[in-house]
Amino acid sequence: MSRVLLSFKSYSLAEREEKLEAEVTRELALSFYRKMVLARTLEDELKRRYESFEMRGELHLGRGQEAIPAGVCELLSDRDFVSATHRCIAHAVCKGLPLDGIIAELYGRASGVCRGKGGHMHLASSSKRFLATGIVGGGIPIAAGAALAFKTLGEDSVAVAFFGDGAANQGTFHESLNLASIYRLPVVFVLEDNQYAFSTRRSESTAVESNAIRALGYSMPALEVDGNDVIAVYTAAKWAVERARRGEGPSLLDCKTYRLSPHLEIVDTEEYRPEGEKEKWEKLDPVRRLEEQAVELKLASKEDFEQIKAEARKLVEEAFQRALSSPLPAPEEAFRDIFSGE
Amino acid sequence: MSRVLLSFKSYSLAEREEKLEAEVTRELALSFYRKMVLARTLEDELKRRYESFEMRGELHLGRGQEAIPAGVCELLSDRDFVSATHRCIAHAVCKGLPLDGIIAELYGRASGVCRGKGGHMHLASSSKRFLATGIVGGGIPIAAGAALAFKTLGEDSVAVAFFGDGAANQGTFHESLNLASIYRLPVVFVLEDNQYAFSTRRSESTAVESNAIRALGYSMPALEVDGNDVIAVYTAAKWAVERARRGEGPSLLDCKTYRLSPHLEIVDTEEYRPEGEKEKWEKLDPVRRLEEQAVELKLASKEDFEQIKAEARKLVEEAFQRALSSPLPAPEEAFRDIFSGE
Amino acid sequence: MPREIAMWEAINEAIRQEMERDSRIIVLGEDIGKMGGAFWCTQGLLEQFGSSRVIDTPISEAGFMGMAIGAALVGLRPIVELQFVDFFGVAWDQIYNHLAKLRYMSGGQFKLPVVIRAPIGGGYGDAAQHSQVLYSIFAHIPGLKVVAPSNPYDAKGLLISSIRCDDPVVFLEHKLLYGLFYLPPGSFGEVPEEPYELPLGEARIAAEGEDITIVGAAYTAYLAEKAADRLREQGVSAEVIDLRTLVPLDKHALRKSVEKTGRLLVVDEDYLPYGLTGEVIATIAEDAEAFKALKAPPARVGNPGVPVPFSEPLEKAVLPSEDKIVKEALKLVEA
Amino acid sequence: MPREIAMWEAINEAIRQEMERDSRIIVLGEDIGKMGGAFWCTQGLLEQFGSSRVIDTPISEAGFMGMAIGAALVGLRPIVELQFVDFFGVAWDQIYNHLAKLRYMSGGQFKLPVVIRAPIGGGYGDAAQHSQVLYSIFAHIPGLKVVAPSNPYDAKGLLISSIRCDDPVVFLEHKLLYGLFYLPPGSFGEVPEEPYELPLGEARIAAEGEDITIVGAAYTAYLAEKAADRLREQGVSAEVIDLRTLVPLDKHALRKSVEKTGRLLVVDEDYLPYGLTGEVIATIAEDAEAFKALKAPPARVGNPGVPVPFSEPLEKAVLPSEDKIVKEALKLVEA
Ligand SMILES: Cc1ncc(C[n+]2csc(CCOP(=O)(O)OP(=O)(O)O)c2C)c(N)n1
Ligand SMILES: Cc1ncc(C[n+]2csc(CCOP(=O)(O)OP(=O)(O)O)c2C)c(N)n1
Ligand SMILES: [Mg+2]
Ligand SMILES: [Mg+2]
């Protein structure tokens, strides 16, 4: 008999700190604020009307998560591509899709962004390069593909995939991050970790403390970001988007946040939430957070906020009016758009 | 304007060393040797006969990789479950499937382990709890599922998934490792990193130096293992299997090896290999390695090896005779076994 | 007094009773434990059977489908819930290349007693990725049985049979039949409290008639029954066949009915091309007796091959309805 | 002198010529670059067009299928190779919920000019997970065109049309037709050197005849042509329709032929239930003129619903063959 003592290589984690600087002008702060408040105002109004059964289908709102699309989309132009999820309304707003087109879509009207064919999980705009999908994890490789095209075509556009903590357990997450990394694609993976996938807690479905750790498996830089702090989101996204535009490849932003909305309106009883959890997060509301920060940094005042809120209410109201004056599509319309030239 | 300096949490890697001890008796060394030589002898003979078109379909052999199934299966009984891949012959041999049944299957005979229905990528045995699949990555969650059953039923069996470096880029790899970790399943993931998926180099398809790093994303312990050293494989597998049996959950063994066979016989021209690479690895042949180690550790001698080789030749020869005396199945047999009780 | 329950309750009861009977049965899927399922069907199971038998999964359909297969190979009898049938795509390889084939590929060594349950169907504005039926795809693959009940009584009996079956069964539940308050109309009916089996492969004659055979499954069987009532008022006697199972397909019942009526209308909510309607029509046409009996060309009503649109008038234009069935049946009878 | 080439060469040439014409075309898949494809069809492309347009991928079919979709959304025209059609399962969600539907769901905003190429078919001992045809599944999903050529001339023209098409096309190539030395018999034939298009949706009358219409696609069209030769020797004049595309389905050609012959035999290598044969028979049966013309019940030859077994006698028992076609055709004509 022989006793052998062997040594095997293994790996462990170390935490690092990444320090990033950003300049926040008054203009920028107000732009963040405008986006978040517009999304919030629209969603609040949609919720109210959905509860009186004005719209069909499901409705997934993202109250409390607005800082993420607002902070990221600040860095994007119409030439950049975004894939979003079932919870896509704030993202559509922040990417610049017209409010009335969004509303009309949710009402199934002919003037909807998808002419009534898509519905609320599937807002889309080719001119804004925006696409949402109702399949969890489905949009991740699609964003990588847009990035591949940008690289091949020599465009300096970037692609952004927004997706949830639940989606990070789908195979497409793994495959897409690997693909993006080996081809060094200009794509930013923005994980909205709101700690739940429907009723399922991240901590019970995800075998790792933070999805940022998973990026190591793709040699991809990643940051954990306070997703309720729009300035932090913007700062991290600036780093990620600029890297991508410079041809330095993909990155992952793991944005920690919390969904104050139910998973879907009306049906979800939210019994899965531990007592007091939601209340705690309500205090971290990103809209209020930005108000405090902007005042502290002397970038804006209470009056600015009131004005923007009033503007948002007006914009939303007018958009509803325009949207609801649009007719329902004619039944024959159902049979068009399956193939081109039909 | 305000300049903000923010700090983000991020992660980096650290290498560790894991020291493991094992006892290698003469009996054990000879058992390793017997398994490897039996697999090698069988595959050599299959290759020869396949080249004269005695068998149909494809043929994936694993010359040079035998230490992995041999070292791992040493720790398994018939009650333990194994899922293997398209390259499954050595695994079937090491898990104890009968040689003649394997051969008969490759010849499509009625006495084949799957009665001729499976073929060479799909060797299977319910009594040996062994299953191979031709879908890359397909067997990984299946092994996790067997482990789930063991846990639920209170059996102290373990499940082992063998798969390649190519499979580690499939979504099922990600999903299965996460699932196994959250449920703390008694499963060992054995990655056979032979550096190629068909013509595709691991380094060009996999965005990480070593797949062992990916295990961090599932809070799963992992070891890098010299996959051409059966003693190292055994030692690492002992650690992994015993952990699993003790209820301590899954682990990943990232076994570095090299395929000396073409991806598939006859068709693959192997032009994708850089010059001299294969020659280098031929020197690391695990069969010869074990001979050297066993002699050095004074566990066995040249005569032992010669004897075992002769035995293997005899076993294989006899198995061929038995297998080839079995008839082809009757055509009607094709229509049975789709559903039970038919 | 016999009790009336909703289809979701019948499904819930079937699972519960079977789990009480056989400890090898486990249930896994998204939100099926703590929350009791997106469509309520697994309510109370976690509390009763505990987290080793009622397993909330991450959103990893390929992963947990594969796990169900592995668990079945070594002795469990898993019931897997897909939250919507529309999501089968991410798990499809595990279903059609593994679950459906492993018994055959192993020469009959392995049993695969796995039930996949999934809600199907549209009609309530959930659009293209959450309104599909897709049963023709499952039915196309050898090795899968495919069940699609239209009412609580059938749902309970067929689900119990499916769970007891040693083969993989895809059990498809139409959302509009569940009887959930937010998804009308719902199917409610008398259901015995005790467990019972209904054979897989026997269609139900939902209405007897002489003039025309109308074939449907799940919600289209429900619609066909209502259409038959209206046709009766118009003097047309329609025989309604509720297939109940697509695999095995009850060819005998189909042929017998058409031999009597001489007219065939097949109704489907799934995409029409390369699907159920073609298979049923071919089943009739290729049979010498039934073929001879045909007095008019068989007809079909179904989604003509359109991703289900969101907007109500568009969705209505695409999906089958009582009206469309009545209209097509009248055309056929008058032809 | 006209040149004869193998089908794999015709495919290779079509891709090469289109890539020369249009720099937005990229090719991606496993082993398609350095190695030129498991079945040779992308030989030489990496050398000619470089690694930004000819992209070797990891084994991540869902991932690179999704990437093709994203790339198409913003202006590229990807050709994706699945190494075998059998592997579509892992990428299925991307194909049927995204590629097929995104144009429709977006109200026609997006174009999805993606070609999925994949080898199909059995008959050479590659068993259940590497011998499938599966085209009925693609054909069932709205938004996908489905092409399955039977010879080099059609392959080149149809592939060029597919690449130029602004919609997703699933282009399926039968392995036994490629003309590779290790996969006989192979289809060889005259193919013009210059690019040309063949319309998607037009069947080819592979043989004209009066007594019976035999319908096939890809390898079964090839077999049907051979069977027709043998039938002719036995005094039976068979018309052979090579569908060429399953979507669009050339209903007109089918009906016209059956109106002439009055007899229909549909041959398929795909699983028979809920598939091509049913769709073709229903297409005939539901048409008043064609129905009237039918002199006998239509018949079908196909894989009756069995995972393709490995062993030769078993595989032969399951798959269609010249013999089986001849036999069934004679039965039909004599009926
Ligand atoms: C493939 C797939 N599986 C399941 C679902 C059902 N579903 C829709 S949203 C959701 C939860 C998603 O969680 P997460 O990704 O964290 O996003 P969040 O809802 O929190 O924004 C689930 C399970 C789906 N749409 N697609
Ligand atoms: C899902 C799927 N994609 C592609 C293939 C084709 N294929 C068979 S083996 C193989 C390479 C596998 O590489 P790896 O996992 O490293 O295993 P190895 O062959 O090196 O043992 C490929 C691409 C397949 N069988 N299944
Ligand atoms: Mg979430
Ligand atoms: Mg490999």
Side-chain angles (χ1 to χ4, degrees), chain B residues 79 81 83 105 110 112-119 121-127 129 131-135 137-153 155 157 159 161 170-172 174-180 182-183 185 187 329 333 336-342, chain C residues 23-26 28 50-53 55-78 80 90-91 93-94 96-114 141-145 165-169 200 247-248:
Chain B
R79 303 296 297 157
F81 180 88
S83 74
E105 189 60 33
V113 285
C114 304
R115 298 158 60 212
K117 288 181 177 166
M121 280 188 267
H122 310 130
L123 299 176
S125 165
S126 63
S127 61
R129 291 189 160 169
L131 180 84
T133 172
I135 303 296
I140 311 177
I142 293 178
L148 176 75
F150 297 150
K151 190 174 172 181
T152 307
L153 296 166
E155 262 188 53
S157 301
Q170 275 284 17
T172 49
H174 174 65
E175 297 184 10
S176 304
L177 268 70
N178 185 56
L179 287 159
I182 60 172
Y183 303 131
L185 300 180
V187 53
E333 181 59 32
R336 278 187 217 119
D337 295 328
I338 303 164
F339 291 117
S340 58
E342 276 178 9
Chain C
S23 66
R24 296 168 303 171
I25 299 170
I26 62 168
L28 59 175
S51 64
S52 69
R53 293 184 62 199
I55 304 172
D56 270 321
T57 64
I59 309 177
S60 308
E61 284 89 353
F64 66 75
M65 190 64 69
M67 282 183 58
I69 296 170
L73 290 174
V74 298
L76 293 186
R77 305 181 69 91
V80 187
V90 289
D93 172 68
Q94 286 296 328
Y96 90 98
N97 272 331
H98 294 92
L99 179 62
K101 295 186 174 63
L102 288 181
R103 178 186 178 80
Y104 188 82
M105 283 164 53
S106 69
Q109 294 179 82
F110 288 111
K111 278 194 310 196
L112 275 300
V114 175
I141 298 295
L144 300 175
K145 301 198 169 173
C165 177
D166 279 344
D167 300 310
V169 178
L200 306 182
V247 179

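Values below: all heavy atoms of this structure, side chains included; hydrogens, waters and symmetry mates excluded.
Of all the heavy atoms in C/Val90 and C/Ala62, the pair that sits closest is O-CB, 3.3 Å. Shown here for B/Ala147 and B/Leu185, the closest heavy-atom pair between the two residues is CB-CB, 3.8 Å. When all heavy atoms of B/Glu155 and B/Arg129 are compared, the closest pair comes out as OE1-NH1, 3.0 Å. The minimum heavy-atom distance between B/Asp337 and B/Arg115, with the atom names listed, is OD2-NH1, 3.0 Å.
Contacts of C/Asp166 with chain B are made by both backbone and side-chain atoms, with heavy-atom separations under 4.5 Å. Of the atoms belonging to C/Ser51, not a single heavy atom falls under 4.5 Å from chain B. Contact of B/Leu123 with chain C is not made at all, since no heavy-atom distance falls under 4.5 Å. Looking at B/Ile140, neither its backbone nor its side chain comes within 4.5 Å of chain C, counting heavy atoms on both sides. Residue C/Leu112: no heavy atom, backbone or side chain, is found under 4.5 Å from chain B. Interface remark: B/Ala144 contributes backbone and side-chain atoms alike to the contact with chain C (heavy atom separation under 4.5 Å).
Between B/Glu175 atom CD and C/Ile59 atom CD1 the span is 10.5 Å, to the nearest 0.5 Å. Atom OH of B/Tyr183 is separated from atom OG1 of B/Thr152 by 10.5 Å, given to the nearest 0.5 angstrom. Annotation: the span from C/His98 atom NE2 to B/Thr133 atom OG1 amounts to 2.5 Å, rounded to 0.5 Å. Summarising the geometry, atom OG1 belonging to B/Thr172 is positioned 13.0 Å from atom CE belonging to C/Met67; distances are rounded to the nearest 0.5 Å.
Between chain C and the residues B/Ala159, B/Gly116, B/Ser125, the most heavy-atom pairs under 4.5 angstrom are made by B/Ser125. Counting heavy-atom pairs closer than 4.5 Å to chain B, the top-ranked of the candidates C/Gly143, C/Ser52, C/Ala100 is C/Gly143. Taking C/Val74, C/Thr57, C/Leu73 one by one and counting their heavy-atom pairs under 4.5 Å with chain B, the maximum is reached by C/Val74. The candidate with the highest count of non-hydrogen atom pairs below 4.5 Å against chain C, out of B/Ala146, B/Ser83, B/Gly118, is B/Ala146. Chain B forms the most heavy-atom pairs under 4.5 Å with one residue out of C/Leu28, C/Ile55, C/Ile26, and that residue is C/Ile55. No other option in C/Pro78, C/Ser106, C/Cys165, C/Pro168 has as many heavy-atom pairs under 4.5 Å with chain B as C/Ser106. Comparing C/Ala72, C/Ser23, C/Pro58 by heavy-atom pairs within less than 4.5 Å of chain B, the highest count is held by C/Pro58.
Side-chain contact between B/Met121 and C/Met105 is absent, with no heavy-atom pair separated by less than 4.5 Å.
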